[in-house]
Amino acid sequence: MDKQNLYKQFSKPLLNWFALYGRKNLPWQLPRTPYRVWISEIMLQQTQVQTVIPYFERFMQQFPSISDLAQSHEDEVLSLWSGLGYYSRARNLHQTAKKVMQNHGGVLPDNYQLLNELPGIGPSTAAAIVSQAFNQPVAILDGNVKRVLTRFFSIKGYPEQAQIKKRLWELANSCMPQEHCADYTQAIMDLGAMCCTPKNPNCLNCPLQNSCLAFKHEEQHLYPTKKIKKPLPTQYQQLLVLYNEQGHIYLEKRPPVGLWGGLWCLPNLNEGDSPLDFIRLNYDLSGETPRKLIAFKHRFSHFHLEINALSIKTKVLGKMLYEKQGKWFAKEEINSLGLAQPTSKILSFHYNMFV
DNA sequence: AACGCGGGGAG
DNA sequence: CTCCCAGCGTT
């Protein structure tokens, strides 16, 4: 299909549909500044709109500008990110803010290549920023767009495969019109989220119905081709809530990269370790009898975690060791830390029991 | 090319 | 339960 036909059969009806049904009152659209677009795009990576909205509002309240963000401490950023997941996004966001202050005079570049080089900003996010914030004709390729394009053009094969992905990028940019670029980017995402959905797509009300090859052959459900998934492994963790006479709780900062990177977590026992031996040997603490606090399962996208949390009231034996980046925190301090969801759950359970 | 990286919403 | 979401960085 040539460029002119693509406009007539794809982009134009899509833009018309957007004018009637598209989302135009999302928080990052009012106003749609480069900074707000950037923050929202990072939060929205692999995360649904409804989940992001409250996080976005809190973030803007705390960091109204890129300079505010650059001057903050990483723990502040991670605290605002607590519960949102994929915490490398928060760390990269902070790094990018500092780089923009240092290398770009505090102004987010209006250039795809420059944006793409910044931490946490890949091809699709860079395209989202230049198209939405600067109205440039550069196409995104996210989950919504992959679904719309594979159906419309009946693209077979797993979309993450190099050859298929290259084809999808080309198609995505072919469909991007030269005008109304910001609206177009929003339009194709809205169509994917509201009409061309993974299950039960609303083809009868779809603006692209006339030319959609998947609809023509009644095989919408075949696209996009699904990945073959392996069974997820299961891990077990015994976590300790160590608290002292004052009610302070001991937490350790995780290494900067990896699972829950940079977050504050509870000490983790090795399989078969005796809790009291563990804290005496590693922390020079003595403790009262461990009490079962809570046991539950936590599901990640790449493994299952079975958690068993114990609480132990402790006394310092020698001088308290600050190894493993550990610290004692009062309850009020914990509220301003970056915590993983299971950590928050265990701690709130602890506080409910020991108020 | 495959994997690591969270957590939640929808069916 | 399963699927998948405004993906990116590393290996």
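Within every chain, numbering begins at 1; the chains are lettered A, B, ... in the order of the sequence lines, protein sequences first and strands thereafter.
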Using whole Å, what does the distance between atom [atom2] of nucleotide [N] and atom [atom1] of [X] come to?
X: A:Lys297; N: C:dT2; atom1: NZ; atom2: C1'; result: 16 Å
X: A:Leu232; N: B:dA2; atom1: CG; atom2: C1'; result: 15 Å
X: A:Met194; N: B:dA10; atom1: CE; atom2: P; result: 14 Å
X: A:Asn200; N: C:dC4; atom1: CG; atom2: C1'; result: 14 Å
X: A:His304; N: B:dG8; atom1: NE2; atom2: C1'; result: 15 Å
X: A:Arg299; N: B:dC5; atom1: CZ; atom2: P; result: 16 Å
X: A:Leu305; N: B:dG4; atom1: CG; atom2: P; result: 15 Å
X: A:Trp81; N: B:dG6; atom1: CH2; atom2: C1'; result: 12 Å

With distance as the sole criterion, is a donor-acceptor pair present between the side chains of [X] and [Y] under 3.5 Å?
X: A:Arg147; Y: A:Asn144; value: yes
X: A:Ser336; Y: A:Glu76; value: no
X: A:Gln246; Y: A:Asn244; value: yes

request  = Scan nucleotides 5-11 of chain C nucleotide by nucleotide, 5' to 3', and note B when protein non-hydrogen atoms come under 4.0 Å of the base, S if they reach only the sugar-phosphate, - if neither.
outcome  = BBBSS--
task = Identify which one of A:Phe329, A:Tyr243, A:Tyr283 satisfies the ring pair (Phe, Tyr, Trp, His ring centres under 6.0 Å) criterion when paired with A:Tyr250.
result = A:Tyr283
task = Please determine if A:Lys315 and A:Glu245 form a salt bridge, counting it only when a charged side-chain N lies under 4.0 Å from a carboxylate O.
result = no
ask   = Would a line drawn from the ring center of A:Phe63 to the ring center of A:Phe59 be shorter than 6.0 Å?
value = yes
request  = Answer with yes or no whether the hydrophobic clustering places A:Leu347 together with A:Leu263; edges join I, L, V, M, F, W, Y residues whose side-chain heavy atoms lie under 4.5 Å apart.
outcome  = yes
request  = Considering only atom C1', compute the distance from B:dG6 to C:dC5 and round it to an integer number of Å.
outcome  =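 B:dG6 and C:dC5 have their C1' atoms separated by 12 Å.
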key: C:dA6 to B:dG11 separation - P atoms, rounded to the nearest Å   =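 These two P atoms come out 14 Å apart once rounded.
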ask   = Taking for each residue the nucleotide of DNA chain B bearing the nearest heavy atom, is the 5' side occupied by A:Leu263 or by A:Glu160?
value = A:Glu160
note = Closest to the 5' end of DNA chain B, once A:Tyr55 and A:Lys230 are matched to their nearest nucleotides, is A:Lys230
query = For DNA chain C, what residues of residues 217-229 of chain A have any heavy atom nearer than 4.0 Å?
reply =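 A:Lys226, A:Lys229, in order of number.
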request  = Give the nucleotide from the list B:dA1, B:dG6, B:dG8 with an atom nearest to the side chain of A:Thr51.
outcome  =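 For the A:Thr51 side chain, the nearest candidate turns out to be B:dG8.
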ask   = Side-chain N or O of A:His302 less than 4.0 angstrom from OP1 or OP2 on B:dC5?
value = yes
ask   = Hey, is the side chain of A:Trp260 poking within less than 4.0 Å of OP1 or OP2 on B:dG7, counting only N and O atoms?
value = yes
Test side chain to side chain contact (heavy atoms under 4.5 Å, CB included) applied to A:Phe10 and A:Leu171, A:Asn5, A:Ile188, the passing residue = A:Ile188
task = Test salt bridge (Lys or Arg N to Asp or Glu O under 4.0 Å) on A:Lys327 and A:Glu252 and set out the steps.
result = CA-CA 6 Å; A:Lys327 269 186 78 176; A:Glu252 294 173 346; over 6 Å; no
query = Got a sec, which residues hit side-chain contact (heavy atoms from CB on, under 4.5 Å) with A:Tyr7, two or more places apart in sequence or on another chain?
reply =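 A:Tyr7 satisfies side-chain contact (heavy atoms from CB on, under 4.5 Å) with A:Ser11, A:Lys12, A:Pro177 once adjacent residues are dropped.
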